[in-house]
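Please read the structure below before turning to the comments.
Order of listing sets the numbers, starting from 1, for every ligand and every atom in it. Atoms considered below: every heavy atom in the structure, side chains included; atoms not considered: hydrogens, waters and symmetry mates.
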Amino acid sequence: MMQTLTVGLEERSYPIHIGSGLLDQPELLQRVLPRKRVAIVTNTTVAPLYLQRLLQTLQRIGVSSLPIILPDGEKYKNIATLNLIYDALLTNRCERTTPLIALGGGVIGDMTGYAAATYLRGVPFIQIPTTLLAQVDSSVGGKTGINHPLGKNMIGAFYQPQLVLADTDTLSTLPDNELSAGIAEVIKYGLIRDLPFLEWLEQNMDKLLARDTQALQYAITRSCQNKAEVVAADERESGERALLNLGHTFGHAIESGMGYGNWLHGDSVAAGTLMAADLSQRLGWIESQDVARIRGLFERARLPIAAPDLGVEKYLELMGLDKKVEDGKIRFVLLEEIGRAVVFGDVPPELLRLTLKACTAHD
Ligand code: NAD
Ligand code: GLY
């Protein structure tokens, strides 16, 4: 059964539809496609799996499509690949009314959203996420952008889609490690603001890993509910939205420090979340059994529990570029207790160094 949530942003509010078989339902797309032409941005992995189905669905409502097929991978989430989108749109004379559809994971969603925000100063944008991570997090909330060699997601814009269509059937082809990477962001919602959901995850992790349809649909819906509430309250991250970045200050340092694409985003977030938990414990906010509880859940989700050893100085240098830095101070999302996170900018440097040493893998 399809579930529909709304991201409440007044005149820019939009629905998130979650369910099985949605790619074959043209009526869900019709409302946001008043004109008869769209551009679909996807990649070389997702196109052979789902592009034809989407093209057929659009044909049924008389919409013609321009497919734009990009190379696959985080290492291509950059200005050169973004330019390929602009090239195709301009060459094919796409207009201000031509919507861009993102068909793929978070990399395609973030890049397509940024192209939509900037092409002709803004064109309509639709998200069709096909990874668990994109269905529970990146397709919702309007953060779009690309990486810079000096830092992750450093160039971008807030630009909301008009519709999110999460067809849970697409998860059947997702590799196991990508499923786990998505689960890292699901666990995040439990840790920062939804303890009952965390408890549900502890009870149902095996079902999620086995891709039980009902469990997946529940986890996606509950995650999107959490995200929609936070985004509606703080679209541009002047407060509460920063909490969605639990583990990300460390995680983004891992991703860029290891070279984009060598550590999955979700894996980096998992290792980074354990670093944030370790730091929270050193501050005396949570207990060692709380850290063990989080570690145990990540282990069960087949996520990494140790970060790569980039060296303390390298971590500090990379984290100094975090988007949450204010007046030169790194602001961390930390846990006051399991189920409640805060942003904290006064971490004693010696505690941070201890965390960086304790949580990295030493061969
Ligand atoms: P991804 O987009 O790289 O997708 C992971 C892999 O799965 C890719 O190889 C992709 O081609 C493949 N794939 C996609 N759908 C598939 C399917 N149905 N079957 C088989 N293979 C499939 O990675 P991701 O984890 O989806 O997204 C990570 C990105 O999202 C990062 O760049 C991160 O910064 C970004 N992100 C953005 C936000 C946001 O709010 N905008 C939030 C979280 C993460
Ligand atoms: N993924 C963090 C956010 O959307 O704010």
Side-chain angles (χ1 to χ4, degrees), residues 7 23 41-51 53 69-78 81 102-114 117 125 127-147 151-161 164 166-186 188-189 192 211 223-224 226-228 230-231 233-249 251-252 254-256 260-261 263-270 323-324 333:
V7 182
L23 266 181
V41 183
T42 185
N43 71 23
T44 48
T45 303
V46 178
L49 295 169
Y50 301 111
L51 179 60
R53 261 174 69 194
I69 301 174
L70 302 177
D72 180 15
E74 184 76 39
K75 69 173 189 237
Y76 295 107
K77 188 180 171 184
N78 57 27
T81 314
L103 176 69
V107 169
I108 285 295
D110 282 12
M111 275 199 296
T112 308
Y114 190 53
F125 170 43
Q127 286 270 23
I128 305 190
T130 62
T131 62
L132 180 62
L133 186 140
Q135 296 188 353
V136 299
D137 191 352
S138 63
S139 65
V140 175
K143 277 192 184 175
T144 72
I146 54 170
N147 299 327
K152 174 91 184 131
N153 294 339
M154 283 295 163
I155 318 293
F158 287 99
Y159 194 68
Q160 300 293 341
V164 180
D167 185 335
T168 51
D169 292 350
T170 60
L171 302 181
S172 65
T173 53
L174 200 62
D176 286 341
N177 62 334
E178 298 288 357
L179 185 80
S180 291
I183 293 175
E185 299 278 22
V186 173
K188 170 184 82 178
Y189 296 111
I192 62 170
R211 302 179 196 228
S223 298
C224 287
N226 273 292
K227 181 136 190 193
V230 173
V231 169
D234 178 23
E235 183 185 10
R236 290 190 166 239
E237 200 168 303
S238 50
E240 187 186 357
R241 186 163 182 172
L243 303 182
L244 295 175
N245 287 317
L246 177 68
H248 285 59
T249 302
H252 284 168
I254 296 171
E255 282 189 85
S256 56
Y260 296 123
W263 261 62
L264 297 186
H265 177 75
D267 286 356
S268 309
V269 166
K323 288 188 284 306
K324 288 184 296 302
V333 182

task: Rounded to the nearest 0.5 Å, what's the gap from NZ on K227 to CG on D137? Could you check?
output: 4.0 Å

query: Looking only at heavy atoms of K227, does any of them come nearer than 4.0 Å to an atom of ligand 1?
result: yes

field: Which of the ligand 1 atoms, numbered from 1, are nearer than 4.0 Å to a heavy atom of D137
entry: 42 (C), 43 (C)

- prompt: Could you walk me through whether S180 and D176 pass the side-chain hydrogen bond (donor to acceptor under 3.5 Å, both in side chains) check?
  reply: CA-CA 6 Å; S180 291; D176 286 341; over 6 Å; no

message: Just to be sure I'm reading this right: ignoring hydrogens, which of A134, G145, G106 gets closest to atom 29 (C) of ligand 1? Compare them by their nearest heavy atoms.
response: G106

- prompt: So, do L264 and N177 sit near enough that their side-chain heavy atoms are less than 4.5 Å apart?
  reply: yes

field: Main-chain N/O of L70 paired with Y76 side-chain donor or acceptor, under 3.5 Å
entry: no

message: Would D169 and S172 count as a side-chain hydrogen bond (donor to acceptor under 3.5 Å, both in side chains) here? Give the steps.
response: CA-CA 6 Å; D169 292 350; S172 65; over 6 Å; no

field: Residue portion contacting ligand 1 (non-hydrogen atoms closer than 4.0 Å) for H248
entry: neither

message: Counting only heavy atoms closer than 4.0 Å, does ligand 2 sit against the backbone of N245, its side chain, both, or neither?
response: side chain

- prompt: Quick one: does K323's side chain get under 4.5 Å of N245's, heavy atoms only?
  reply: no

field: Closest protein heavy atom to atom 1 (P) of ligand 1, given as residue, atom name and distance to 0.1 Å
entry: V107 CG2, 3.9 Å

- prompt: To the nearest 0.1 Å, how far is atom 28 (C) of ligand 1 from its closest protein heavy atom, and which atom is that?
  reply: L133 CD2, 3.8 Å

- request: Please check if the side chain of D267 supplies one atom and the backbone of A270 the other of a donor-acceptor pair under 3.5 Å.
  value: no

query: Contact between E185 and ligand 1, counting heavy atoms under 4.0 Å?
result: yes

message: Tell me the contacting part of N43 for ligand 1: side chain, backbone, both, or neither, using a 4.0 Å heavy-atom threshold, strictly below.
response: side chain

message: If we ignore hydrogens and angles and just use 3.5 Å, is the side chain of Y50 paired with the main-chain N or O of L23 as donor and acceptor?
response: no

message: Is it the case that the side chain of R241 and the backbone of G141 share a donor-acceptor pair, with hydrogens and angles ignored and the cut-off at 3.5 Å?
response: yes

query: Measuring from W263:CH2 to H252:NE2, what's the distance to the nearest 0.5 Å?
result: 14.0 Å

message: Given D267, V269, L244, T173, identify the one with the heavy atom nearest to atom 17 (C) of ligand 1.
response: T173

message: Please check: side-chain N/O of S268 versus main-chain N/O of I254, any donor-acceptor pairing under 3.5 Å?
response: no

- prompt: Of all the non-hydrogen atoms in the protein, which one sits nearest to atom 6 (C) of ligand 1, and at what distance?
  reply: E178 OE2, 3.4 Å

- prompt: Would a distance-only check, ignoring hydrogens and angles, find a side-chain to backbone donor-acceptor pair under 3.5 Å from K152 to E255?
  reply: no

field: Under 4.0 Å to a heavy atom of L244 - the qualifying atoms of ligand 2, by number
entry: 2 (C), 3 (C), 5 (O)

field: Expected output: side-chain E74 to main-chain Y260 donor-acceptor under 3.5 Å
entry: no

query: Considering distance alone, does some N or O of D110 sit under 3.5 Å from an N or O of ligand 1?
result: yes

task: Would you tell me which option among I108, T45, L132, N245 has the nearest heavy-atom contact to atom 12 (C) of ligand 1?
output: T45

Nearest non-hydrogen protein atom, atom 15 (N) of ligand 1: T130 OG1, 2.7 Å

message: Testing T173, T170, L174 one by one against L49 for a side chain to side chain contact (heavy atoms under 4.5 Å, CB included), which residue passes?
response: T173

task: Would you mind listing which atoms of ligand 1 come within a distance below 4.0 Å of any non-hydrogen atom of N153?
output: 34 (O)

message: My understanding is that we take every heavy atom of each candidate and find the minimum distance to atom 42 (C) of ligand 1. Doing that for P71, G73, S138, A181, which one comes out nearest?
response: S138

task: Could you pull out, from E74, H265, M111, the option with a heavy atom nearest to atom 32 (O) of ligand 1?
output: E74

message: Using a 3.5 Å cut-off on N or O atoms only, is K77 in polar contact with ligand 1?
response: yes

- prompt: Of all the non-hydrogen atoms in the protein, which one sits nearest to atom 8 (C) of ligand 1, and at what distance?
  reply: D72 OD1, 3.4 Å

- request: Report yes or no: does K227 have a heavy atom closer than 4.0 Å to ligand 2?
  value: yes

message: Under a 3.5 Å distance rule, please check whether D72 uses its side chain to pair with a backbone N or O of N43 as donor and acceptor.
response: no

message: Counting only heavy atoms closer than 4.0 Å, does ligand 1 sit against the backbone of K143, its side chain, both, or neither?
response: both

task: Could you list the atoms of ligand 1 found under 4.0 angstrom from a heavy atom of Y50?
output: 18 (N)

- prompt: Going by distance only, is there an N or O of R241 that falls short of 3.5 Å from an N or O of ligand 2?
  reply: yes

- request: With heavy atoms only and a cut-off of under 4.0 Å, state how D137 meets ligand 2: side chain, backbone, both or neither.
  value: side chain

- prompt: Is a donor on one side and an acceptor on the other found under 3.5 Å between the side chain of Q135 and the backbone of P129?
  reply: yes

- line: If you scan protein heavy atoms around atom 22 (C) of ligand 1, the nearest is L174 CD1, 3.8 Å

- prompt: Counting heavy atoms only, which of V140, L49, T131 is nearest atom 7 (O) of ligand 1?
  reply: T131

message: Check for me whether K152 has a heavy atom closer than 4.0 Å to any atom of ligand 1.
response: yes

statement: The answer for which part of L264 has a heavy atom under 4.0 Å from ligand 1 is neither

Minimum side-chain heavy-atom gap N153-H248 below 4.5 Å: no

field: Side chain, backbone, both or neither: the part of V46 lying under 4.0 Å from ligand 1 by heavy atom
entry: side chain

message: Checking contacts here: is it the side chain or the backbone of N147 that comes within 4.0 Å of ligand 1, counting heavy atoms only? Could be both or neither.
response: neither

- request: Taking S139 for its side chain and A134 for its backbone only, find out whether a donor-acceptor pair lies under 3.5 Å.
  value: yes

